[in-house]
Amino acid sequence: MNNDQIAEAFEQIAQLLQVEDANVFRIRSYERAAETIRGLGPELSDIRESEAGLQGIPGIGEAIADKIEELLDTGELSFLQDLLDRYPPGFLELLKIPGLGPKRAALVFHELGVGSVDQLEEACVREQVRELKGMGAKSEQKLLQAIESYWRGRERALLGAMLPQAETIVEFLRELPAVISADYAGSVRRGRETVGDLDVLATSDDPAAVCKAFGEGGLLAEVTSAGGTKVSGTLPGGRQVDLRVVAPESYGAALVYFTGSQQHNIRLRERGQDRDLKVNEYGVFCADEHDGDDQEGERVAGDTEAGVYAALDLAWIPPELREDRGEIQAAAAGELPDLIESSDIRCDLHIHTNWSDGRASIAQVAESARERGYTHLGITDHSASLHVAGGISADAVRAQREEVDALNSRYVEQDADFRVLLGHEADITTDGALDLTYEVFDTVDFVVGAIHQGMSADADRMTARVVGAIETGMVDLIAHPTGRVLQTREAHGMHVSELAGAAAQFDVALEISATPDRLDLSDVHARLAQERGAKLSINTDAHSIASLDFMRFGVLTARRGWIEAETVINTWPLERLTTAWLQQRRGSSESA
DNA sequence: GCCGTTTTCGGCCCGACTGTTTTCAGTCG
């Protein structure tokens, strides 16, 4: 079992214990364990064998460690199975309906026998739910609406789809007269690869006016809840949006609170408690000494995020790191990473042109890259064996070479600070061979290795294929290393730790594909790779001009992985990339 | 269930909004 599967088991335990009305702190322990495990780079099976062991992981004690061992050894967990056996198979899905939490799920199950979303819908239509204690006609109606939008929206959406929408909403808010400032927060601001709903924050001296204007502004298909400082609703696509409005002096505290993550916020508030400070979305306050007195203590911070963190003796923590994955300890010790920024990116090294399955010409792509402020660019069309993507022959590669050389000559004549590199995306075939002739290898400036076929093989075989390609010394960069496609295809089992080790040893870069439905390596895997000493490369894998804009999603993913600019070859000046790295690598592979 | 050089027991983040309520539980983030 891999880490995600084990985390999933603990999430299910937490949910079922909530339904069973268990101790809330016991539930929190399982939730925290699940999130911690999702954020781990190394596999639990490896950690178990290490010196520190499973209980060396924060939030993992004896009981949970035992359960991890059982899962690793048997693939099953009797404790979870016993819980699951008490409910019908579709029961956990019920908890995904907004407005139906664990208490009401237990209620409809025990009173009405409802054990799935379908059955809940039926019970609402039959007006049975309104008869239950604490429920009424209105809650029944809300549940029906929630079910409908659940069917429409399903699960989480891709960051690539939601970030532009968040920006649109923020623009709208900023134009309202009553709004002083507005920003998006939540998981979009943290750059998570998928997003459940949008969280937006505004400051104003007249919050009620902002809430009213937002609710009536036409952006929302439906308003589900509206108060004086908070509005919730759904976008036309069914996606939920929450707006919160606070006074300017609370802006920083509200931004921290609303950006999360939940676990990060809990850590901050605990840290506040240690210092006799109360942290909430309005600010940081001296904890009140007097019993039974509701008066708030003196405000010590709140208008800026940096002030809030400073009050807790912490450096400001970039939003992408706020996942309770060690960032608070790092901030306390002054050891936060110097994260890569979009402005550090000088090139995109994985781009398809109309020589294979891309839409634009080399010259068009190059011009577009120049406009984006890049100083160089790598063209990488598919190798011959990838017929479905119009893979190109050795003759075609030679013709590309001539075209690229001619283009570069023009840049030299124009005294332009821009060059095109000719790369080649060589397929790693099902038998582990590299679809690359020496002729092509000698013609191009660099080679990207990638798996596009035979992805159902097991983890050992998949890893061996890619490591084998790395060991040829003919590959400079591994594209979308684990092969996952978000919400479509699971990562093929790949031992990323082993892969990163080989990449570090042979000085091969691993890609963070910036394509929104890939983001592969993931944040967690990228962090692991950097820790193992591997170089990384952030690329769009663009097949059109517009897709060059995906770069920022790759940068966000890298930042979530604690990646510094130095690790990423796209931040290096051209000379360093070509002379100091590519040519040196090729020299060493030829002499080997 | 986890955690701790003040603690191995007794703590564990904080607030808004809704609907069904005569004062608050449930849900959400």
Side-chain angles (χ1 to χ4, degrees), chain A residues 10 13-15 17-19 21-34 36 54-68 79 95-108 129-143 145-146 185-190 195-201 207 211 215 223-233 240-246 250 253-254 256-274 277-285 287 294 296 312 322 324:
Chain A
F10 290 129
I13 289 175
Q15 289 182 322
L17 287 178
Q18 280 187 300
V19 175
D21 203 19
N23 177 292
V24 291
F25 301 107
R26 187 178 169 213
I27 293 163
R28 231 176 81 183
S29 296
Y30 281 109
E31 285 173 345
R32 186 177 175 223
T36 299
L54 294 171
Q55 292 191 52
I57 304 168
I60 309 285
E62 191 180 346
I64 292 183
D66 283 348
K67 292 184 174 66
I68 293 172
F79 179 70
L95 297 172
K96 293 181 180 173
I97 304 299
L100 191 86
K103 295 287 190 295
R104 288 176 178 166
L107 185 69
V108 295
V129 173
R130 64 178 64 187
E131 303 301 328
L132 301 176
K133 188 171 190 298
M135 307 288 280
K138 197 134 186 189
S139 14
E140 200 172 66
Q141 201 54 41
K142 285 222 159 190
L143 276 177
Q145 287 174 0
S187 50
V188 169
R189 183 164 182 245
R190 300 201 310 278
V195 175
D197 52 26
L198 292 178
D199 299 306
V200 193
L201 177 69
C211 287
V223 176
T224 51
S225 153
T229 64
K230 186 180 167 184
V231 177
S232 296
Q240 177 157 337
V241 184
D242 296 311
L243 168 71
R244 187 73 179 270
V245 189
V246 297
S250 295
V256 169
Y257 155 76
F258 226 22
T259 298
S261 66
Q262 186 112 341
Q263 291 297 336
H264 177 87
N265 286 349
I266 289 174
R267 294 284 152 219
L268 290 183
R269 286 167 172 178
E270 286 172 354
R271 196 173 168 89
Q273 286 186 322
D274 292 343
L277 296 170
K278 188 172 80 170
V279 182
N280 59 28
E281 58 262 55
Y282 301 109
V284 181
F285 303 89
D294 272 352
E296 241 167 19
L312 301 171
R322 300 180 193 171
D324 191 25

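Residue numbers begin at 1 in each chain, while the letters A, B, ... track the order of the sequences. Fair warning: this is a prediction, and the values are worked out from it, not measured in the lab.
Figure legend: A/Lys67 and A/Phe10 shown without cation-pi pairing, the cationic atom not lying both under 6.0 angstrom from the six-membered ring centre and within 45 degrees of its axis.
Rounded to whole Å, the separation between the C1' atoms of B/dT23 and B/dT18 comes to 15 Å. Between B/dT8 and B/dG19, the two C1' atoms lie 44 Å apart (nearest whole Å). Spacing between B/dT20 and B/dT27 at atom C1', rounded to whole Å, works out to 14 Å. Rounded to a whole angstrom, the distance from the C1' atom of B/dG26 to that of B/dT21 is 12 Å. When the P atom is compared between B/dG11 and B/dT22, the two are found 32 Å apart, to the nearest whole Å.
The nucleotide whose nearest atom lies closest to any side-chain atom of A/Glu281 is, among B/dC12, B/dA16, B/dG1, B/dA16. Of the candidates B/dG29, B/dG15, B/dC12, the closest approach to any side-chain atom of A/Asn280 belongs to B/dG15.
Within 4.0 Å of A/Ile97, counting heavy atoms only, lie sugar-phosphate atoms of the nucleic acid but no base atom. Among the protein residues, A/Thr229 comes within range of the sugar-phosphate backbone only, with heavy atoms under 4.0 Å from sugar or phosphate atoms but none that close to a base. If you check every strand for non-hydrogen atoms under 4.0 Å, A/Val279 touches sugar and phosphate atoms only. If you check every strand for non-hydrogen atoms under 4.0 Å, A/Gln262 touches a base. At a threshold of 4.0 angstrom between heavy atoms, the contacts of A/Gly260 with the nucleic acid are absent. Here A/Tyr257 lies in heavy-atom contact (under 4.0 Å) with a base. Using a 4.0 Å heavy-atom distance criterion, A/Arg267 is classed as making no nucleic acid contact. Among the protein residues, A/Ala226 comes within range of the sugar-phosphate backbone only, with heavy atoms under 4.0 Å from sugar or phosphate atoms but none that close to a base.
Inspection of the A/Asn265 and A/Gln263 side chains reveals no N or O donor paired with an N or O acceptor under 3.5 Å. A/Ser261 and A/Arg322 share no donor-acceptor pair across their side chains, judged by distance under 3.5 Å alone.
Contact annotation: A/Ser225 does not reach the phosphate of B/dC17 (side-chain N/O to OP1 or OP2, under 4.0 Å). Considering only side-chain N and O atoms, A/Arg26 lies under 4.0 angstrom from the phosphate OP1 or OP2 of B/dG1. The side chain of A/Lys230 places no N or O atom within less than 4.0 Å of a non-bridging phosphate oxygen (OP1 or OP2) of B/dT18. In this structure, A/Arg269 does not reach the B/dC12 phosphate: none of its side-chain N or O atoms is under 4.0 Å from OP1 or OP2.
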Return all side-chain donor-acceptor pairs below 3.5 angstrom for residues 55-65 of chain A, not counting sequence neighbours, or 'none' if the list is empty.
residue: A/Gln55; atom: OE1; partner: A/Glu62; partner atom: N; Å: 3.4

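Atoms CG (A/Leu243) and P (B/dG29) sit 15 Å apart, rounded to a whole Å. Rounded to an integer number of Å, the gap from CD of A/Gln263 to P of B/dG1 is 17 Å. Atoms OH (A/Tyr282) and C1' (B/dG15) sit 7 Å apart, rounded to a whole Å. In this structure, CG of A/Leu95 is placed 9 Å from P of B/dT27, rounded to the nearest angstrom. As a whole-Å value, the separation of A/Lys103 NZ from B/dC28 P is 12 Å. One can place CG of A/Leu100 at 14 Å from C1' of B/dA25, the figure rounded to the nearest angstrom. Here B/dG1 presents its C1' atom at 16 Å from CG of A/Leu54, a figure rounded to the nearest Å. Atoms NZ (A/Lys278) and P (B/dG15) sit 4 Å apart, rounded to a whole Å.
Ion pairing between a basic and an acidic side chain is recognised when a charged N comes within 4.0 Å of a carboxylate O; A/Glu270 and A/Arg28 show such pairing. In summary, A/Arg32 and A/Asp324 engage in a salt bridge, as defined by a charged side-chain N under 4.0 Å from a carboxylate O.
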For nucleotides 19-24 of chain B, which of its nitrogen or oxygen atoms have a protein nitrogen or oxygen under 3.5 Å away, and what is each distance?
residue: B/dG19; atom: O3'; partner: A/Ser139; partner atom: OG; Å: 3.4
residue: B/dT20; atom: OP1; partner: A/Gly136; partner atom: N; Å: 2.8
residue: B/dT20; atom: OP1; partner: A/Gly136; partner atom: O; Å: 3.3
residue: B/dT20; atom: OP1; partner: A/Ala137; partner atom: N; Å: 3.4
residue: B/dT20; atom: OP1; partner: A/Lys138; partner atom: N; Å: 3.4
residue: B/dT20; atom: OP1; partner: A/Ser139; partner atom: N; Å: 3.4
residue: B/dT20; atom: OP1; partner: A/Ser139; partner atom: OG; Å: 2.9

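Rounded to the nearest 0.5 Å, atoms CZ (A/Arg130) and CD (A/Gln141) are 8.0 Å apart. Atom CD of A/Glu281 sits about 8.5 Å away from atom OG of A/Ser250, to the nearest 0.5 Å.
Nearest-nucleotide assignment on DNA chain B puts the 5′-proximal partner with A/Glu62, out of A/Glu62 and A/Pro102. Two residues, A/Gly101 and A/Asn265, neighbour DNA chain B, and the one matched to the more 5' nucleotide by heavy-atom proximity is A/Asn265.
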(Q) Working note: A/Asp242 + A/Val200, criterion side-chain contact (heavy atoms from CB on, under 4.5 Å); need CA distance, chi angles, decisive distance, verdict. (A) CA-CA 6 Å; A/Asp242 296 311; A/Val200 193; over 6 Å; no
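Across the strands present, B/dT18 finds its partner in B/dA25; the criterion is a Watson-Crick or G-U wobble pair with both atom distances under 3.5 angstrom.
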